[in-house]
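Note that the coordinates shown come from a computational prediction; the quantities given were computed from them, not determined experimentally.
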Amino acid sequence: MSEERPDRGPPSERRSPVGKPVVRGDAAVTGERARDAVQFDPDDPESLAEAAETVRRFADEVVGEDNVYMLRGAAACAALVRGEGSYKAAAERAGGDASVSFIRKWARVHDLPQAVRRHVAMGHIAPTAAKHIARVAGDARFQLAWATIDNDLTVRQVRTIASQVGDGASVEEALASQGVTLGEFTLRLPPEIYRELRREAAYEGVSAGEIVADALTEYLD
């Protein structure tokens, strides 16, 4: 069972320990690479040294959009910050091109809830887009993440939306500026369910979306 699902609530921050490879170590998500998942323990000197080396390499190397590798780098950033006590101390410990800004951005990615990180690991959300999703607080980060997937938003669009939310716009307003309607996506149903849904909506005089929303509200409750 995932970390978010015991009470069906959607916490906007991760609940598992810092550096634990909950997603990276799940073979259902990362396949054979799950066997190589590394846990970074900020309270263990040897593990912290490995985290510092990982952060330095992560900052120095150009790896494109290797989602799993970048999630490992994010985990190392988060563990190093926790172990050293500050972003500045973490940057000094890592060295190389690992700046305070770099470590802060990727540590925030590691703090995203598991549901979002799973989509990053599976390639549905680019890690560079996840950096901007992580800038958004609370439930809005879920809304931006799902809108990113459902509308194939570019990294530039996600960055723009996150900036607008940071400036005080609602996530709905920011998405609308990019031509996206929050909560709207294509749903594929079995033909017989589709037929009955449309018939019921006609009888009730409501939209099919309203019936689906009511049914899902009851299911999720």
Side-chain angles (χ1 to χ4, degrees), residues 2-5 8-14 23 29-30 58-59 62-71 73-75 77-78 99-189 194 197-198 201 206-217 219-220:
S2 72
E3 65 188 278
E4 283 95 15
R5 294 193 62 182
R8 288 286 185 177
S12 58
E13 305 292 341
R14 66 179 288 138
V23 171
V29 178
T30 60
F58 182 43
V62 177
V63 296
E65 289 289 320
D66 185 334
N67 300 22
V68 178
Y69 177 89
M70 296 174 90
L71 283 177
C77 287
S99 66
V100 169
S101 175
F102 177 88
I103 292 175
R104 179 186 294 113
K105 289 177 181 178
W106 286 105
R108 288 192 304 203
V109 169
H110 188 64
D111 286 337
L112 285 169
Q114 184 187 145
V116 177
R117 287 181 287 117
R118 289 175 73 88
H119 282 289
V120 175
M122 291 186 288
H124 303 157
I125 298 175
T128 45
K131 285 195 302 181
H132 298 296
I133 293 171
R135 292 163 50 198
V136 178
D139 290 345
R141 58 178 34 178
F142 281 108
Q143 295 169 326
L144 178 53
W146 308 154
T148 298
I149 296 169
D150 293 331
N151 297 276
D152 293 324
L153 296 180
T154 65
V155 174
R156 178 177 293 182
Q157 286 178 301
V158 176
R159 180 181 63 195
T160 298
I161 292 165
S163 295
Q164 291 177 348
V165 172
D167 290 338
S170 69
V171 68
E172 185 173 7
E173 292 169 337
L175 286 168
S177 75
Q178 300 299 312
V180 174
T181 299
L182 180 61
E184 183 177 278
F185 67 106
T186 300
L187 182 66
R188 179 171 294 177
L189 299 171
Y194 174 72
L197 171 63
R198 282 298 190 185
V206 298
S207 69
E210 289 180 78
I211 293 179
V212 172
D214 288 344
L216 285 174
T217 297
Y219 173 78
L220 294 174

Pairing residues for S99 by the side-chain contact (heavy atoms from CB on, under 4.5 Å) criterion, not counting sequence neighbours: S101, F102

Heavy-atom closest pair, residues S207 and A201: C-CB, 4.1 Å

Any residue meeting side-chain hydrogen bond (donor to acceptor under 3.5 Å, both in side chains) with R135, in chain and number order, not counting sequence neighbours: H132, S163

Is any side-chain heavy atom of R141 closer than 4.5 Å to a side-chain heavy atom of P113? yes

For residues 145-152, dump all side-chain donor-acceptor pairs below 3.5 Å to protein atoms at least two apart in sequence or in another chain.
residue : atom : partner : partner atom : Å
T148    : OG1  : L144    : O            : 2.7
N151    : ND2  : A147    : O            : 3.0

Do W106 and P127 come close enough that some side-chain heavy atom pair is under 4.5 Å? yes

Closest approach of A121 to V23 (non-hydrogen atoms, all atoms of both residues): CB-CG1, 3.6 Å

Test of understanding: with side-chain contact (heavy atoms from CB on, under 4.5 Å), list the residues that count as partners of A130, not counting sequence neighbours. V109, L112, V120, I125

Throw together a table of side-chain donor-acceptor distances under 3.5 angstrom for residues 167-174, partners on residues two or more places apart or in other chains.
residue : atom : partner : partner atom : Å
S170    : OG   : E173    : N            : 3.0
S170    : OG   : E173    : OE1          : 3.4
E173    : OE1  : S170    : N            : 3.0

Residues two or more places apart in sequence or in another chain: which of them pass side-chain contact (heavy atoms from CB on, under 4.5 Å) with V206? E204, E210, I211

If the condition is side-chain hydrogen bond (donor to acceptor under 3.5 Å, both in side chains), which residues does Q164 pass it with, not counting sequence neighbours? S177

Are L153 and L175 close enough that some pair of their side-chain heavy atoms sits under 4.5 Å apart? yes

So how far is it from L71 CG to R117 CZ, rounded to the nearest 0.5 Å? 7.5 Å

Where the side chain of Q157 meets the backbone of T154, is there a donor-acceptor pair that is under 3.5 Å apart? yes

List the atom of A74, the atom of H110, and the distance in Å for their closest heavy-atom pair. O-CB, 3.5 Å

Which heavy atom of A107 sits nearest to which heavy atom of C77, and what is that distance? N-CB, 4.0 Å

Taking the side chain as C-beta and beyond, is there a heavy-atom pair between R188 and Y194 under 4.5 Å? no

Return the set of residues passing side-chain contact (heavy atoms from CB on, under 4.5 Å) with L187 (not counting sequence neighbours), or none when no residue passes. F185, L189, V212

